[in-house]
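Throughout, numbering of the chain's residues begins at 1 and tracks the sequence.
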Amino acid sequence: MSTDRHFASDGNIYEADGTQVGTYQLDEHGHLESTATDEDGNGYIDTIVADTDHNGSFETGVVDTNADGYGETILVDTDNDGDFDSSAVDTNADGNYETFASDPNGF
């Protein structure tokens with residue numbers, strides 16, 4: 001299903017039908033700094049991406065894959081080279097990360 005999303009000047013992200021699905025923040029130069037969305041509308045954030053060092057690439061990504069309000073998948077660019085190089089996955093949704101991976105060259 002393809003939908004059009006609009007980043008409104010009020011800091012919210014809207015579907016084409018007007019439904020609010022998230023928020024965003026811009027840095028002082030007008031570049032996208034972070035987004036957070038509630039894809040399933042249950043009141044919990046499902047996805048977050050952030051440019052934590054303000055260099056134009058996202059260093060952090062968190063996804064709540066089962067809509068329980070907790071991020072089961074985390075990706076981090078720990079060396080700020082533009083590639084995600086560390087990850088953690090909660091494979092059974094118990095709040096603990098069972099799988100970890102790291103690759104200095106990025107995934």
Under the salt bridge (charged side-chain N to carboxylate O under 4.0 Å, His left out) definition, can you give me all pairs with a residue in residues 21-49, not counting sequence neighbours? Arg5-Glu39
Closest contact, heavy atoms only, Ser86 versus Thr78: OG-CG2, 3.6 Å
Please check: side-chain N/O of Asp103 versus main-chain N/O of Asp85, any donor-acceptor pairing under 3.5 Å? no
Are the side chains of Glu98 and Asn92 in touch, meaning some heavy atoms are under 4.5 Å apart? yes
CD1 on Ile48 to OG1 on Thr37, rounded to 0.5 Å: 8.5 Å
Sub-3.5 Å donor-acceptor pair from the side chain of Asp64 to the main-chain atoms of Gly69, do we have one? yes
Verify, without hydrogens or angle tests, whether Glu72 (side chain) and Ala93 (backbone) share a donor-acceptor contact under 3.5 angstrom. no
From Leu75 atom CG to Thr60 atom OG1, the distance as rounded to the nearest 0.5 Å: 9.5 Å
If the condition is side-chain hydrogen bond (donor to acceptor under 3.5 Å, both in side chains), which residues does Ser57 pass it with, not counting sequence neighbours? Asn55, Glu59
Residues in side-chain hydrogen bond (donor to acceptor under 3.5 Å, both in side chains) contact with Asp77, at least two apart in sequence or another chain: none
Transitively linked via ILVMFWY side-chain contacts under 4.5 Å: Val62 with Val76? yes
Drop me the distance from Asn12's CG to Thr23's OG1, to the nearest 0.5 angstrom. 6.5 Å
Thr99 meets the side-chain hydrogen bond (donor to acceptor under 3.5 Å, both in side chains) criterion, sequence neighbours left out, with none
Nearest heavy-atom pair of Leu32 and Asp51: which atoms, and what distance? O-CB, 4.3 Å
Spell out, yes or no, whether Val21 and Val49 are grouped together once hydrophobic residues are joined by side-chain heavy atoms under 4.5 Å, including indirect joins. yes
Going by the ring-ring contact (aromatic ring centres under 6.0 Å, His included) test, which pairs reach into residues 11-46, not counting sequence neighbours? Phe7-Tyr24
Could you give all pairs that pass the ring-ring contact (aromatic ring centres under 6.0 Å, His included) test and reach residues 66-107, with sequence neighbours left out? none
Minimum side-chain heavy-atom gap Ile13-Thr35 below 4.5 Å: yes
